[in-house]
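For reference, the structure is listed below as structure tokens.
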Protein chains: 2
Amino acid sequence: MTLSFVPLDWSPISEKTKRCEICNRVAFGKHYGALSCYACKMFYRRVVVKKLSYKCRGFNECSRSPKRLLKCQACRYQKCQDKGMYMEPLEDDEVKSEEASDDGILELTSPNQKIEKLSILLKNLNIMDKKRHAKLKSFYSLNDESLETILMHPGVVRNTKKDPDHQVTPEEWAFLALYSHITYFHNFEFIRELGMDDKKKIFQYNTLKLTYFCGLMRTLNEKRMRMLNPGGQEIYPDDLIDLYRTNPHNLARICCQPVNRLIELKVTNEEYCLMNIIFFCNPAIPDISDEARLILSRHQGIYSNALFQYCELTNQQNAPTRMTDLIWLYEYITKNSQEMETLFMIFHCNAPHFKFRKLIRDTFHF
Amino acid sequence: MTLSFVPLDWSPISEKTKRCEICNRVAFGKHYGALSCYACKMFYRRVVVKKLSYKCRGFNECSRSPKRLLKCQACRYQKCQDKGMYMEPLEDDEVKSEEASDDGILELTSPNQKIEKLSILLKNLNIMDKKRHAKLKSFYSLNDESLETILMHPGVVRNTKKDPDHQVTPEEWAFLALYSHITYFHNFEFIRELGMDDKKKIFQYNTLKLTYFCGLMRTLNEKRMRMLNPGGQEIYPDDLIDLYRTNPHNLARICCQPVNRLIELKVTNEEYCLMNIIFFCNPAIPDISDEARLILSRHQGIYSNALFQYCELTNQQNAPTRMTDLIWLYEYITKNSQEMETLFMIFHCNAPHFKFRKLIRDTFHF
DNA sequence: CCGGGTCATAGGTCAC
DNA sequence: GTGACCTATGACCCG
Ligand SMILES: [Zn+2]
Ligand SMILES: [Zn+2]
Ligand SMILES: [Zn+2]
Ligand SMILES: [Zn+2]
């Protein structure tokens, strides 16, 4: 807000109100020894604390006109001193020790900086997610590589021109969705720190769950109550539906129950992106190396922190509750993806003629 | 302006002038029981009158340097107390309104009141847990009621005098541990709000997992690396160990892997008590009614809030990370208790002559 | 002497 | 960077 009520000229009008000795605007008291306005107070403070120094681009006479004075930091600072302002320049070691302790567990970043960091993180995650989504929509492939091969040579899966008459089957959609998630998570820097063995186990453990999670979110965003695949059909192959036709309840529950919870919680896309990587960084994955566990645990911590911050910002009332509600979604996801695995496994045993691609077998744990 | 005539260093110069016991600046007399300067006097007064509470952003050692001490309110207050300051916390009617507003989740309570509430909650949970523990140690029973019967008539399981020569078997310990957890959770008020059907499903789902969790914590507290039963023997019946003698790895992992994680995290008993009930209030339990889910979800929220507060108080660096690490323990618990169920199930099929009590069959989901 | 209280102002935040 | 505004601090006063 501009101070319309603060004339910038020198005329010493309205004797009552005190005026800044430096710039003649209204003052509310002494600061650092001189009667001064908030602005001059803060200006002086910043100069001393940050040990700044300026040089006048005129002839050190800017103090003659108040307007010019405010433009020339050298003359302004000079006038502050002339009018008796003084402040202890805080000692070097103090500044340093403060900065040094920063990197440790960096708690000393100001709230604003933290928010800035968070929004950058969210923006990046959002961009990655959008790319994944775009790829899923535009990509089509007939490749049939195992999870291991894909992880070792991420480029092997080639985009193939799709016959426009060809209706993408549920099994193909599953493949594309799984694959798009593998590339998505593969983009995170820390993945490179992992050994191949760990990487394989981690992706084997996570890919189906988080692809399923993505499907649930898609359903929420499309305001449907039942999950369909990106093409808008049932996620299950027809033959599988047929096998369970006498008891479709289980198939339906997988597509509906967790969606309800997402709707209840009104999960935002930012929350989804953070949870996605938090869930990915599951340090409880069996049989991975201690190094891998540490890396996952550390990153789970980092993203949890961000999620909590986000909850605090958007969910003033009760951030911890919100946080637990969100984290607990993992329960719904694991429950139902396990169920799905079982149903597919039984189908696979009953219909061995039905050919699933390797990636599906690997991630569904056949 | 800083008091230039008041040196801030510790050197006890100029013997004549009295110095503040807290910050070493000049003091003019005693205040609230300690020789102190005006500043420390007023600081202490404000904290007590306004019931403020602070937490150190360092490691509760700021009192080592006088400059840091003045910046850290937590350490400053601590030092005031250490040097003998005391002041009656005035008791107006405000204190009473606190208890009335207890059940809501409202946020308007002051930091100090919140901490008070939290410590009451923790004390209560701790007492309940201690009782459960005492019961487990002293109780013995030959009853064989189903989970449903126990839930309907909690009194049916009678304490029986045990033949002092009788060595309690692993199977009996399992029964006693499971039973003690059922009575433990049955003591929570909100359980009464649940219908019988829901209650049964909830206990069926939770009892083994949380009894297992308790066993893991017992192992942590006894500083062992491998879970044994409360009697100090293997948790598995001998016959079961025999069945898996060629591959004892799975049996061992259940007893060890999650213990490692508990040790890593140095889980406190307060955290355990809160997690215990948070995990119990799992709204993702399949097939329970919407009312039950709501009740569980609400209570999970309440206790999550408390856990987060606790993490904030004890884990300055990074409460959200701590919180996620703790909540994520549920992953370890479910993973391993499922594995345990499977191992018992297979054993049950292989050795139908081995009679498990009804409660064990119900909670292990035979 | 010491408890209770006041108020100018230092230090910091954040929208601009 | 700037400056309006907020909260914690502590010198001082009164009974
Ligand atoms: Zn000014
Ligand atoms: Zn100038
Ligand atoms: Zn002092
Ligand atoms: Zn401190």
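Reminder, nothing fancy here: chain letters follow the sequence lines and each chain counts from 1.
Between B/Tyr86 and B/Tyr32, the gap from one ring centroid to the other reaches at least 6.0 Å. Taking the ring centroids of B/Tyr44 and B/Tyr77, they lie under the 6.0 Å cut-off. In this structure, the ring of B/Tyr330 has its center no less than 6.0 angstrom from the ring center of A/Tyr330.
Note: OH (B/Tyr44) to C1' (D/dG10) measures 18 Å, nearest angstrom. Atom NZ of B/Lys71 is separated from atom C1' of C/dA10 by 12 Å (rounded to the nearest Å).
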Atom pairs, protein N/O to nucleotides 7-9 of chain D N/O, distance under 3.5 Å:
unit_1	atom_1	unit_2	atom_2	d
D/dA8	O3'	B/Gln73	NE2	3.4
D/dT9	OP1	B/Gln73	NE2	3.2

Could I get a table of every N or O pair under 3.5 Å where one atom is in the protein and the other is in nucleotides 2-4 of chain C?
unit_1	atom_1	unit_2	atom_2	d
C/dC2	OP2	B/Lys30	N	3.1
C/dG3	OP1	B/Tyr32	N	3.4
C/dG3	OP2	B/Tyr32	N	3.4
C/dG4	OP2	B/Tyr32	OH	3.0
C/dG4	OP2	B/Arg45	NE	3.2
C/dG4	OP2	B/Arg45	NH2	3.2
C/dG4	O5'	B/Arg45	NH2	3.1
C/dG4	N7	B/Lys41	NZ	3.3
C/dG4	O6	B/Lys41	NZ	3.1

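Considering only residues two or more places apart in sequence or on other chains, A/Ile302 meets the side-chain contact (heavy atoms from CB on, under 4.5 Å) condition with A/His299. Contacts of A/Glu270 classified as salt bridge (charged side-chain N to carboxylate O under 4.0 Å, His left out), with partners at least two apart in sequence or in another chain: none. Taking the salt bridge (charged side-chain N to carboxylate O under 4.0 Å, His left out) definition, one finds that B/Glu264 meets it with A/Arg293, B/Arg261, sequence neighbours left out.
Mapping B/Cys40 and A/Cys40 onto DNA chain D via the closest heavy atom, the residue that lands nearer the 5' end is A/Cys40.
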If you look only at distance, which donor and acceptor atoms sit under 3.5 Å apart when one is on a side chain in residues 119-131 of chain A and the other is two or more places apart or in another chain?
unit_1	atom_1	unit_2	atom_2	d
A/Ser119	OG	A/Glu116	O	3.0
A/Asn126	OD1	A/Asn269	ND2	3.3
A/Asp129	OD1	A/Arg132	NE	3.4
A/Asp129	OD1	A/Arg132	NH2	3.1

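Judged by distance alone, with hydrogens and angles left aside, the side-chain atoms of A/Arg322 form a donor-acceptor pair with the main-chain N or O of A/Leu265 at under 3.5 Å.
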